[in-house]
Protein chains: 2
Amino acid sequence: MRRGVELLFFGYTRLTRAIDDGLAEHGLGRAHHRALYFIARQPDLTISELLKILAITKQSLGRVLTDLAEKALVETRTGVVDRRQKLLRLTAEGVRFEAQLFDALRTSLASAYAAAGQESVTGFWRVLEGLIPAEDKAMVIALQKDI
Amino acid sequence: MRRGVELLFFGYTRLTRAIDDGLAEHGLGRAHHRALYFIARQPDLTISELLKILAITKQSLGRVLTDLAEKALVETRTGVVDRRQKLLRLTAEGVRFEAQLFDALRTSLASAYAAAGQESVTGFWRVLEGLIPAEDKAMVIALQKDI
DNA sequence: AAGATGGGGCAGCCATATTGACGTATCTAA
DNA sequence: TTAGATACGTCAATATGGCTGCCCCATCTT
């Protein structure tokens, strides 16, 4: 039990630290990366969808998106079906930058996967899925529709 | 790949949120919990050992420990082999409080473990171990000597 | 006796989150 | 067509948890 808690702590913190330098070069923080990441994952995401994913307040997200827009990494378009919505997308530069950050994560994770073996990876996923509260599960599964 | 990153994100954030309410009741935050947790895990831990585990600065930890001492959850004793060291320990109340918080974590993790099965749990551990940088591994293994 | 180490502390800064309230544009349904 | 709900933006104020740089003391080691 305790082992799971602390491995999760170390694994998560050490993985996220892997990209801090890349972010700092652009004057950005982890909050920006999380937004970038999920916008990359689901282009044309709306603000409210992103809010649900990140589970932070509108104000907190607002600043992050303002920063990203100012640095021309993210752009918004008015929703087509609902003109109140804003659809979020990465710019070409945003795509490039996110890919660069993701690459650092991918490298770390790939070596952990390789060391553990495919069977372990499946187990890793299963346990983590079980940690997601029922009310968030639909959202996470929706993300994975186009892996 | 992306699946691993986001499951880790959701799993970690949702698990940690499970104890926010319990902490808030005592006017504490997650930083306090991390310190409490590792002191519970290894009584008579020194400050410098805890710093290595948490990978934060002395000042950041200092504030956290001051808060915990003021609330009489943690106490320190002078080191026996080296009188410069301070050995950290939970008070009786600290033990009680940490156990209560841990219980919330345990409940979440136990249900994820049960849903995933023992084999998956082993895989979960293996992958997470692989995410820990080599220079931190010895420290993490040391924690587990007395599971 | 000199230097290294463990720990404490000050001042100031930054990033990221919070709440609550209010405003505007747009959609939906009576 | 109008009333209410929704999507988004934004204000101000506040809290938390990090950081750096610098200096201090006590204690251990050589």
Side-chain angles (χ1 to χ4, degrees), chain A residues 9 12-14 16-17 19-37 39 44-71 74-89, chain B residues 9 12-14 16-17 19-21 23-39 44-71 74-89:
Chain A
F9 166 71
Y12 181 78
T13 59
R14 269 55 178 185
T16 57
R17 269 173 199 155
I19 56 167
D20 281 353
D21 290 348
L23 285 165
E25 281 170 23
H26 289 246
L28 299 173
R30 287 181 198 172
H32 301 97
H33 176 246
R34 291 193 285 273
L36 266 185
Y37 179 93
I39 297 170
D44 287 341
L45 199 68
T46 66
I47 302 276
S48 64
E49 284 168 341
L50 188 50
L51 281 174
K52 265 177 218 148
I53 290 172
L54 298 176
I56 57 175
T57 57
K58 215 171 19 165
Q59 285 68 12
S60 300
L61 181 56
R63 258 172 322 152
V64 168
L65 290 179
T66 301
D67 293 345
L68 292 174
E70 271 170 10
K71 296 193 186 286
V74 164
E75 62 190 2
T76 64
R77 289 181 307 149
T78 301
V80 259
V81 299
D82 185 336
R83 292 174 44 80
R84 291 172 303 180
Q85 295 182 330
K86 282 198 175 176
L87 306 183
L88 298 163
R89 246 178 200 288
Chain B
F9 167 70
Y12 181 77
T13 59
R14 269 55 177 184
T16 55
R17 268 176 200 152
I19 55 167
D20 281 353
D21 290 348
L23 285 165
E25 281 171 23
H26 289 245
L28 300 173
R30 287 183 199 170
H32 301 97
H33 177 246
R34 290 194 283 274
L36 265 185
Y37 179 93
F38 287 107
I39 296 170
D44 287 342
L45 200 67
T46 66
I47 301 276
S48 63
E49 284 167 341
L50 188 50
L51 281 174
K52 265 177 218 150
I53 290 172
L54 298 176
I56 57 175
T57 57
K58 214 171 24 164
Q59 285 70 12
S60 300
L61 180 56
R63 260 174 322 167
V64 168
L65 290 179
T66 302
D67 293 345
L68 292 174
E70 271 169 12
K71 297 193 186 287
V74 164
E75 61 190 2
T76 64
R77 290 182 307 148
T78 300
V80 260
V81 297
D82 185 335
R83 293 175 42 81
R84 290 172 304 179
Q85 295 181 330
K86 282 198 175 177
L87 306 183
L88 298 162
R89 246 178 201 288

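Here is the naming used below: chain letters follow the sequence lines, and residue numbers restart at 1 for every chain. In this text, all values refer to a predicted model and were calculated from it rather than measured experimentally.
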S.K.: Let me know the distance between CG of A:Leu65 and P of D:dA7, rounded to the nearest Å.
M.R.: 16 Å

S.K.: Return the 5'-most residue of the pair A:Arg17, A:Ile47 with respect to DNA chain D, ranking by each residue's nearest nucleotide.
M.R.: A:Ile47

S.K.: Which residues pass the salt bridge (charged side-chain N to carboxylate O under 4.0 Å, His left out) test with A:Arg17, not counting sequence neighbours?
M.R.: none

S.K.: Only distances under 3.5 Å count here; give the side-chain donor-acceptor pairs of residues 51-63 of chain B to other protein atoms, sequence neighbours excluded, each with its distance to 0.1 Å.
M.R.:
residue: B:Thr57; atom: OG1; partner: B:Ser60; partner atom: OG; Å: 3.1

S.K.: Within this structure, what is the CD-OG1 distance for the pair A:Glu49 and A:Thr46, rounded to the nearest 0.5 Å?
M.R.: 3.5 Å

S.K.: Can you tell me how far P of D:dA7 sits from CZ of A:Arg77, to the nearest Å?
M.R.: 19 Å

S.K.: Give a yes or no on whether the backbone of B:Gly29 and the side-chain of B:His32 come within a donor-acceptor separation of less than 3.5 Å.
M.R.: yes

S.K.: When rounded to the nearest 0.5 angstrom, what distance separates CD1 in A:Ile39 from CG in A:Asp44?
M.R.: 10.5 Å

S.K.: Judged by each residue's nearest nucleotide on DNA chain C, which is more toward the 5′ side, B:Gly62 or A:Val64?
M.R.: B:Gly62

S.K.: Output the residues of residues 27-35 of chain A in contact with DNA chain C, where contact means a heavy atom of the residue under 4.0 Å from an atom of the strand; sort by number or write none.
M.R.: A:Gly29, A:Arg30, A:Ala31, A:His32, A:Arg34

S.K.: Please name all residues satisfying ring pair (Phe, Tyr, Trp, His ring centres under 6.0 Å) with B:Phe38, sequence neighbours left out, ordered by chain then number.
M.R.: A:Phe9, A:Phe10

S.K.: Quick one: salt bridge (charged side-chain N to carboxylate O under 4.0 Å, His left out) partners of A:Arg34, sequence neighbours excluded?
M.R.: none

S.K.: Compile the donor-acceptor pairs under 3.5 Å between side chains in residues 81-88 of chain B and protein atoms, sequence neighbours left out, one pair per line.
M.R.:
residue: B:Asp82; atom: OD1; partner: B:Arg84; partner atom: N; Å: 2.9
residue: B:Asp82; atom: OD1; partner: B:Arg84; partner atom: NE; Å: 3.2
residue: B:Asp82; atom: OD2; partner: B:Arg84; partner atom: NE; Å: 3.4
residue: B:Asp82; atom: OD2; partner: B:Arg84; partner atom: NH2; Å: 2.8

S.K.: How does protein contact run along nucleotides 25-30 of chain D, one letter per nucleotide 5' to 3', with B for base contact, S for sugar-phosphate only, - for none, heavy atoms under 4.0 Å?
M.R.: -BBS--

S.K.: Start at the 5' end of DNA chain C and walk down; is the nucleotide closest to B:Leu51 or to B:Arg63 reached first?
M.R.: B:Leu51

S.K.: What closest approach, in Å, do A:Ala35 and A:Val64 show between heavy atoms, and which atom pair accounts for it?
M.R.: CB-CG1, 3.9 Å

S.K.: Checking A:His33 now: which residues fulfil side-chain hydrogen bond (donor to acceptor under 3.5 Å, both in side chains) with it, not counting sequence neighbours?
M.R.: none

S.K.: Provide, to the nearest angstrom, the distance between the CG atom belonging to B:Leu23 and the C1' atom belonging to D:dG17.
M.R.: 14 Å

S.K.: Using side-chain heavy atoms (C-beta onward) and a distance below 4.5 Å, is A:Leu68 in contact with A:Leu28?
M.R.: yes

S.K.: Quick check for you: name the first and last nucleotides of DNA chain C, 5' to 3', having an atom under 4.0 Å from a heavy atom of chain A.
M.R.: C:dT16 to C:dC27

S.K.: Which residues pass the side-chain hydrogen bond (donor to acceptor under 3.5 Å, both in side chains) test with A:Tyr12, sequence neighbours left out?
M.R.: none

S.K.: Output the distance between atom CD1 (A:Ile19) and atom CZ (A:Arg30), rounded to the nearest 0.5 Å.
M.R.: 7.5 Å

S.K.: Axis-to-axis angle across the helix from C:dA1-D:dT30 to C:dA30-D:dT1, five pairs an end, to 10 degrees?
M.R.: 30°

S.K.: Residues of residues 54-61 of chain A with any non-hydrogen atom less than 4.0 angstrom from an atom of DNA chain C: list those, numerically ordered, please.
M.R.: A:Ala55, A:Ile56, A:Thr57, A:Gln59, A:Ser60

S.K.: Check the pair B:Leu65, B:Ile47 against side chain to side chain contact (heavy atoms under 4.5 Å, CB included), reporting the backbone distance first and the verdict last.
M.R.: CA-CA 10 Å; B:Leu65 290 179; B:Ile47 301 276; 3.5 Å; yes

